[in-house]
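For reference, the structure discussed in these notes is given below.
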Amino acid sequence: MQRVKSFLIQVPLWLYFIISVYPLFWMISYSLKDNNEIFVTNPFGLPTQFRYENYINAWTQFNLPQYFMNSVVVSTVATLFIVILALMFSFAIARLRWRFREAVRLYMLVGMFMPLQVIMIPLAILVKDFHLANTYGALIIPYIVIGLPFSSLIFYGFMRDIPSEIEEAACMDGASVYRLFTKIIVPVVVPAIATVVIFQFLNNWNEFMLANILISDESMKTLPLGLLFFQGQYSTDWGGMGAVMTIASLPMVIIYLFFSEQVERAMTMGSAVKG
Amino acid sequence: MDRYLSNKKAILIFLLPALLAYTVVLISPVLQTMYRSFFEWDGLGTAVFNGLDNYKEMFQDPLLMTSLRNGFIFSVVLVVFQIGLGTILALACADPRVKFRKLLKTAYFVPVILSVTVVCQLWIAMYDPTNGLINKLFQIMGISYQQNWLTSPTVSIVAIAFVNAWQFMGYQFSLLYAGVKSIPEQYYEAATIDGCSKWMAHRKVTLPLMKETFKFCFIIAITSGIGAFVQMLIMTNGGPGTSNYTLTFMIYRYAFLENKYGYASAISVLLVAISLVATMIINKVFDRKDD
């Protein structure tokens with residue numbers, strides 16, 4: 001009886017396991033097939049003959065390396081600035097003493113609840129007015145700002161928990177406020193920094209909506225945007241399309257498999273803050 | 001000590017970069033959208049004040065009803081699939097008899113980290129009426145429910161919403177799982193001693209204690225349903241016809257394809273208002289059960 005029960009509990013879990021993973025397995029397997037095998041002879045299973053040429057074609061014939069490069073630059077730079085600015089900001093509201101810090105904290109919080117769609121139009125105009133259209137700045141600047149509220153809140157939470165004796169000690173030792181920040185506070189919140197880096201990098205890497213509006217130049221497209229236009233070019237070559245999609249996904253999946261615990265924690269931490 | 005930490009210059013240096021960027025790039029655009037919603041404006045020329053005309057026009061726009069309806073359907077699909085099924089999976093996964101828990105959790109989460117474009121392209125292929133996996137699967141199982149998933153005006157919105165539901169299931173699942181796990185073991189022991197079955201214990205103990213988690217899950221599911229956009233754009237471009245429009249899709253079309261920036265701003269304001277009201281209602285509903 002116990003066995004049956006334990007089995008019954010596991011059935012939905014493994015069923016959903018298949019629903020969750022099989023589409024990805026299917027994508028990878030058709031990236032190694034030709035059209036005939038995908039459509040007629042072997043639609044579901046592993047490829048009978050691994051056609052690596054799909055990957056070579058995908059990488060060499062299209063702008064994939066360029067998209068990759070753009071995504072790396074945009075995501076890395078934006079994440080770096082998010083971390084630096086949010087650390088500084090939260091230090092000012094969590095540790096320094098001044099009158100309006102609570103008001104400023106709430107002001108920053110507003111950004112977390114603002115649907116991004118509402119800034120789409122003015123942002124497009126802002127980017128045009130500052131002649132940033134089709135530059136890295138067109139994406140990096142909005143991504144930094146969008147990342148600030150969440151990151152600041154995470155850092156704020158961590159910094160509040162640092163005992164105030166630390167500052168007293170730093171003050172006694174004659175360390176300046178700047179040294180206190182760089183040598184003591186920042187090292188203490190390293191775990192929070194790791195969380196924020198993962199979370200923001202993923203967000204920036206996968207962002208689509210704003211990139212779609214702000215970037216039209218082929219050479220500046222990020223990966224999510226570039227992939228959109230493979231659809232037309234590849235409509236007759238499913239294997240090639242599969243290869244493109246697999247290449248685009250692999251780096252993130254590998255990072256995730258290495259840091260799955262941290263990634264999930266970073267993602268779910270948002271809920272602790274927002275809820 | 002106070003003097004040390006209220007160094008005015010230091011406060012400004014730490015505070016200003018983030019605060020300025022945030023104000024210029026986020027807050028001022030929000031205010032601008034509100035302001036511009038009262039103007040007729042093509043984004044380039046001078047804006048002409050027209051009072052509430054944009055709003056009047058909006059409520060007569062047949063696309064509005066389509067968009068609201070689709071936003072609603074989208075939200076319902078997300079709630080049922082992610083929260084309904086997700087809760088069942090989270091409860092099952094928390095059962096001590098379940099093995100390979102880490103593998104299961106990882107498998108559920110992988111789609112979350114994929115690019116939304118990849119996921120949409122993948123599902124376009126899966127939904128393909130002749131070569132797609134879904135119809136082939138039905139064929140093999142002898143079910144005659146083959147569909148033109150993305151070109152049928154009735155089925156497509158659900159098919160598209162499902163893609164979003166599928167991709168972010170793992171996210172909601174991990175929130176729900178964390179919620180289940182956060183409940184102290186003693187509560188169950190007490191419930192069992194009182195003669196509760198496992199299922200009863202979940203209903204009487206687990207679910208009520210997960211109120212905060214559920215609240216957040218509902219807010220995500222419903223607001224992302226109302227604001228849905230990317231999936232429509234990639235998979236059907238709002239079609240067939242205009243049948244898959246959502247509020248964000250309307251904003252996108254009027255602002256960037258038809259240069260009606262003032263009108264699109266009014267729709268943005270409505271979108272924010274609806275999202276806020278939905279969030280407030282969810283908060284109210286979940287907080288009331290306290291008494």
Side-chain angles (χ1 to χ4, degrees), chain A residues 6 9-10 12-13 16-17 20-21 23-24 26-27 39 43 85-86 88-89 91-92 95-98 108 111 114-115 117-123 125 141-142 144-145 148 167-168 171 177 202 206 208-209 213 223-224 227-228 231 238 245 248-249 252-253 256 260 264 267-268 271 274-275, chain B residues 1-2 4-7 10-11 14-15 17-18 21-22 25-26 29-30 32-33 43 88-89 92-93 95 97-98 104 106-111 113-118 121-122 125-126 131 133 136 171 174-175 178 212 215-216 227 229-230 234 248 251 255-256 261 264-265 268 271-272 275:
Chain A
S6 145
I9 285 172
Q10 310 220 14
L13 291 172
Y16 197 77
F17 177 86
S20 190
V21 171
L24 301 172
W26 185 65
M27 173 178 92
F39 298 149
L85 293 185
M88 288 166 57
F89 177 83
F91 177 66
R95 309 302 303 190
L96 298 179
R97 292 182 195 166
W98 46 289
M108 182 60 83
M114 204 47 79
Q117 292 94 329
V118 71
I119 62 165
M120 220 159 63
I121 298 168
L123 204 58
I125 290 164
I141 294 169
I144 294 172
V145 171
L148 279 178
E167 275 135 13
E168 280 158 30
C171 184
V177 177
L202 268 168
N206 285 339
F208 177 87
M209 194 175 73
I213 297 161
L223 211 46
L227 285 181
L228 185 60
Q231 205 176 330
W238 281 42
M245 282 155 56
S249 311
M252 284 297 123
V253 173
Y256 172 63
S260 59
E264 279 169 52
M267 301 294 282
T268 46
S271 71
K274 277 193 183 179
Chain B
M1 212 41 219
D2 258 356
Y4 180 67
L5 289 176
S6 8
N7 176 343
I11 292 169
F14 282 112
L15 192 69
Y22 174 74
V25 182
L26 207 137
V30 170
Q32 266 187 47
T33 301
I88 296 173
L89 293 177
C93 198
D95 192 286
R97 285 168 294 196
V98 170
L104 289 165
T106 308
Y108 296 169
F109 206 83
V110 167
I113 56 152
L114 297 182
S115 159
V116 68
T117 322
V118 168
Q121 302 278 23
L122 172 61
M126 307 243 303
N131 303 315
L133 192 68
K136 281 217 168 104
Y171 179 55
S174 46
L175 294 176
E212 282 302 310
K215 185 163 96 181
F216 184 66
F229 168 63
V230 177
I234 299 176
T248 310
I251 300 171
F256 301 107
Y261 282 77
S265 298
S268 309
L271 173 75
V272 177
S275 305

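In what follows, chains carry the letters A, B, and so on, assigned in the order in which the sequence lines appear, proteins first and then strands, with residues in each chain numbered from 1.
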| For the side chain of Ser115(B) and the backbone of Pro224(A), is there at least one donor-acceptor N/O pair under 3.5 Å apart? | no

| Side chain, backbone, both or neither: which part of Tyr4(B) has an atom under 4.5 Å from a heavy atom of chain A? | both

| note | d(Leu15(B) CG, Met108(A) CE) to nearest 0.5 Å is 8.0 Å

| message | Side chains of Ile121(A) and Ser268(B), heavy atoms from C-beta outward: is any pair under 4.5 Å? | response | yes

| request: Applying side chain to side chain contact (heavy atoms under 4.5 Å, CB included), name anything that partners Ile141(A), two or more places apart in sequence or on another chain. | output: Leu132(A), Val25(B)

| Among all residues two or more places apart in sequence or in another chain, which pass the side chain to side chain contact (heavy atoms under 4.5 Å, CB included) test with Pro23(A)? | Leu122(B), Trp123(B), Met126(B), Trp166(B)

| said: Is Met252(A) in contact with chain B via its backbone, its side chain, both, or neither, using a 4.5 Å heavy-atom distance? | reply: both

| Residue Phe91(A) versus chain B: region with a heavy atom under 4.5 Å | side chain

| field | Minimum side-chain heavy-atom gap Leu114(B)-Leu24(A) below 4.5 Å | value | yes

| query | Is a side-chain donor or acceptor of Asn206(A) paired with a backbone partner of Val116(B) at a separation under 3.5 angstrom? | reply | no

| How close do Ala92(A) and Phe14(B) get, heavy atom to heavy atom, and via which atoms? | CB-CB, 3.9 Å

| task | Please say which of Ile144(A), Leu85(A), Leu148(A) ends up in a side chain to side chain contact (heavy atoms under 4.5 Å, CB included) with Pro17(B). | result | Leu85(A)

| Would a 4.5 Å heavy-atom cut-off, applied to side chains only, mark Ile234(B) and Leu228(A) as touching? | yes

| Does the side chain of Thr106(B) come within less than 4.5 Å of Tyr256(A)'s, by heavy atoms? | yes

| said: Between Val21(A) and chain B, with a heavy-atom cut-off of 4.5 Å, which part of the residue counts as in contact: side chain, backbone, both or neither? | reply: side chain

| Minimum side-chain heavy-atom gap Gln32(B)-Ile125(A) below 4.5 Å | no

| Residue part contacting chain B, namely of Ile213(A), when any heavy atom lies under 4.5 Å | side chain

| What part of Leu202(A) gets closer than 4.5 Å to chain B, counting heavy atoms only: side chain, backbone, both or neither? | side chain

| remark: CD (Glu264(A)) and CG (Leu175(B)) are apart, to the nearest 0.5 Å, by 10.0 Å

| said: Please classify the contact of Ser174(B) with chain A as side chain, backbone, both or neither, using a heavy-atom distance under 4.5 Å. | reply: both

| task | Could you tell me which portion of Ala178(B) (side chain, backbone, both or neither) has an atom closer than 4.5 angstrom to a non-hydrogen atom of chain A? | result | neither

| field | Part of Tyr261(B) lying under 4.5 Å from any heavy atom of chain A | value | both

| message | Please classify the contact of Tyr16(A) with chain B as side chain, backbone, both or neither, using a heavy-atom distance under 4.5 Å. | response | both

| field | Rounded distance [0.5 Å steps], CD1 in Ile9(A) versus CZ in Arg97(B) | value | 4.0 Å

